[in-house]
Amino acid sequence: MLAEYLPLLLLAVVAFAFVGLSVLVSARLGPNRPNPVKEAAYESGILTEDVDVRQSRFSVRFYLVAMLFIIFDVEAVFLYPWAVTLRSMGWYGMAVMGVFILLLFETYYYVLRRGGLDWD
Amino acid sequence: MDWIEFLLVVVRVLLAFVIWLLSTALLIWGERRLVAKMQVRHGPNRLGPFGVFQVLADGAKLFFKEDITPRGVDRAVYFAAPIVSAVVAFLTFAVIPFGGTFTFAGREMPLQVWDPEIGLLWFLAMSSIGVYGIALGGWASGSKYPLLGGIRSSAQLISYELSMGLSMAAVFIWNGTLQASEIVAAQSGTFWGAVPAWNILPMSPAFVLFHIAVVAEAQRPPFDLAEAEGELVGGFNTEYSGAKFAMFFLAEFMAVITMSAIIVTLFLGGPSGYSFGLEGNWLALLQFVYFVLKVLGFVFIFVWLRGSLPRLTYTRLMDLGWKVMLPIALVWVLLTGFVVTFQQVGTNQSFFTVVAVVAAATLTLMILAPFFRSREPAGDEGGGGGGTPVARPPAGGGGGRALVPATETSPVDVDGGRTTEREPETVGAPRSEL
């Protein structure tokens, strides 16, 4: 059974080999003349103090988008097995999934009205 | 599995790998030439016939460039991000059938790396992992432009992944399968004896949604906000150089080919086409040619979009994804399910149950709708009633503009004139703007 995955494994090995070798070999091939200015973070050519931008804050809206994404992506995940088996489930399957989708649509409408999807 | 079979597996994997790598190289050259023509320039035309070796020259140059690692980076993640991006780009095309089935020594060799039953779920999974490469690359660089670019593009990618996944779900319902080869098989035959029975006709709304979503997923113009050169220098890959940069570049352009191939597989019957009475290996070869032609058509559209459309602002990008495409995709999925069930079962007693359920749900939604107030300033709450303001005042009282709409205040001029009073708290960029 595992033989089924052989081509995928081979492709992964080839891809990793190609990418890994490229990165490693190129690091050896190129010149290596570091200096403090070159190693600084890009700032339009202006010398600045080193700051850790990873500690900085960014808009909470991105968090909101991520949460909403989870909701609808989970919905999509539930849709795939249903999509394949719908023909054998008939109207029962349609009704059950219809209720599920409508519930989420209501959630969507609520978020929309509360301005959760506005970016300005 | 004997050794001939194993050899055939190796051959078809290597074939796929080489074809995709070569076509990506050709795409980079072809795109530069085409965009140049659209802008009344010549484009690269020095190296080789029509400048086709320019890509090789550029690639070789990148390999011999200094591999700079800035001070502020998170080394492990910084190193891993381009590798993740490129490897995932290679793995994505595994499930795409790109030609017919060849027969060698009594054994079949389909031109498709891997044909599992979960099929296109693999494509969705890989395009989700692709977000990591970009988000981590931007985050690990320890520099503000890559961080902004990385956050922006991860939000963009996950937003359009929804419409992409849902429009694919409609196709899965229509064809009743996830397997790529089965989806292609379901599109054989004709409508009314003349028009090929491709999904693009019955599933045209899904096709339009999917096409838009795919352009956004590939981060191509007009959705290339991740690397808006005018604002973010180069986006998430600003701090990368040498082969690491080349890997991001490769992944991005390979995505154009893979996405076009996925569109062709889902909506244009994959490698199928008129056989001209050919059989066996010749037919398989002809189908490969059909596939290449169809993919080239979509690749051309990608380039055409880049040549003609200006970049969207971030506000519009998010509005299009969440407020337009997502609801349409949801409704289309429901509609497709309804039609398919109707074809399969027809009307019986449970049909009316479904109609009753849908009616009840719609009614509930309509009754509840007025209670879903849009957010208003606190003072307005009492007098408004009904909660249906058309022109909504800016959300919240905080006043801070949450995100940088690409056209207005640039987030990047912290070193301009106004740093003095903000200096203590700005790390990278003013917090209300980053």
Side-chain angles (χ1 to χ4, degrees), chain A residues 3 6-8 10-12 14-16 19-20 22-23 26-27 29-32 38-42 46 48 50-59 61-62 65 69 72-73 76 79-80 83-84 86-87 90-92 94-95 98-99 101-102 105-106 109-110 113-115 117-120, chain B residues 1 9 13 17 63-68 70-72 83 86-87 90 94 113-114 142-144 147 151 155 158 162 165-166 169 172-173 176-178 238 242-244 247 315 318 322-323 330 334 337 340-341 344-345 350-351 354 357-358 361 365 372 374-375 395 402-403 415 427-428 431 434:
Chain A
L6 179 71
L8 190 67
L10 275 175
L11 184 65
V14 173
F16 259 111
V19 175
S22 305
V23 171
S26 148
L29 282 179
N32 188 17
K38 202 189 275 179
E39 285 187 341
Y42 180 81
I46 302 166
T48 48
D50 284 353
V51 286
D52 191 358
V53 293
R54 286 189 288 273
Q55 301 296 323
S56 66
R57 286 170 276 192
F58 53 84
S59 173
R61 279 166 200 277
F62 287 108
V65 165
F69 165 72
F72 288 101
D73 207 38
L79 276 176
Y80 297 130
V84 181
L86 176 62
R87 273 161 220 267
W91 287 115
Y92 169 73
M94 191 58 219
V99 170
I101 293 181
L102 279 171
F105 205 81
E106 197 175 334
Y109 188 67
Y110 175 76
R113 288 300 299 270
R114 286 300 298 260
L117 301 174
D118 292 339
W119 277 82
D120 248 336
Chain B
M1 175 181 283
V9 169
V13 168
F17 183 82
F63 266 77
F64 289 96
K65 281 285 178 185
E66 181 170 1
D67 196 23
I68 305 167
R71 270 191 301 276
I83 296 184
V87 168
F90 276 115
V113 174
W114 190 42
S143 176
K144 80 181 70 130
L147 184 69
I151 293 169
I158 61 177
L162 295 175
L166 287 175
F172 298 153
I173 296 170
T177 177
L178 296 170
T238 303
K244 294 203 192 83
M247 288 305 125
T315 327
M318 290 316 241
W322 284 98
K323 292 183 181 172
L330 270 176
L334 266 182
V340 164
T341 324
Q344 192 75 15
V345 190
S350 32
F351 168 72
V354 172
V357 164
V358 171
L365 201 66
F372 295 159
S374 54
R375 216 157 36 158
L403 180 87
D415 294 302
V427 192
R431 108 189 111 114
L434 184 68

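Naming: A, B, ... by sequence-line order, numbering from 1 per chain.
Top candidate by heavy-atom pairs under 4.5 Å with chain A, chosen from B/Ala86, B/Ala243, B/Ala94, is B/Ala243. Among B/Asp67, B/Val87, B/Thr177, B/Thr238, the residue with the largest count of heavy-atom pairs under 4.5 Å with chain A is B/Val87. The greatest number of non-hydrogen atom pairs below 4.5 Å with chain B, out of A/Val19, A/Val23, A/Leu102, A/Leu29, is found for A/Val19.
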key: Full working for side-chain contact (heavy atoms from CB on, under 4.5 Å) between B/Glu66 and A/Asn32   = CA-CA 6 Å; B/Glu66 181 170 1; A/Asn32 188 17; 4.0 Å; yes
request  = Report the C-alpha separation of A/Leu11 and B/Trp114 in whole Å, then their side-chain angles, then the decisive distance to 0.1 Å, and conclude whether the side-chain contact (heavy atoms from CB on, under 4.5 Å) test is met.
outcome  = CA-CA 10 Å; A/Leu11 184 65; B/Trp114 190 42; over 6 Å; no
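Rounding to the nearest 0.5 Å places CZ of A/Phe72 at 12.5 Å from CD1 of B/Ile158. Distance check: B/Leu162 CG to A/Asp73 CG gives 6.0 Å after rounding to the nearest 0.5 Å. Put simply, CZ on A/Phe62 and CE on B/Met318 are 6.5 Å apart, with the number rounded to the nearest 0.5 Å. Taking NZ of B/Lys244 as the start and OG of A/Ser26 as the end, the distance is 7.5 Å to the nearest 0.5 Å.
A donor-acceptor pair is defined here as one N or O able to donate and one able to accept, closer than 3.5 Å; such a pair exists between the side chain of A/Tyr80 and the backbone of B/Gly165.
Using a 4.5 Å cut-off between heavy atoms, A/Ile101 touches chain B through its side chain atoms alone. Both the backbone and the side chain of B/Leu178 come within less than 4.5 Å of a heavy atom of chain A. Both the backbone and the side chain of A/Leu10 come within less than 4.5 Å of a heavy atom in chain B. Heavy-atom distances place both the backbone and the side chain of B/Val113 under 4.5 Å from chain A. Residue A/Leu79 touches chain B through its side chain alone, counting heavy-atom pairs closer than 4.5 Å.
Two residues are said to be in side-chain contact when any heavy atoms from C-beta on lie closer than 4.5 Å; A/Val65 and B/Trp322 meet this criterion. The closest side-chain heavy-atom distance from B/Val345 to A/Arg87 is not below 4.5 Å. For the pair B/Leu334/A/Met94, a side-chain contact is recorded, criterion being any heavy-atom separation below 4.5 Å from C-beta on.
Open room surrounds CZ on A/Phe16; 12 or fewer heavy atoms of other groups in view lie less than 6.0 Å from it.
Annotation for A/Ala15 and B/Phe17: closest pair CA-CE1, 4.1 Å, computed over non-hydrogen atoms.
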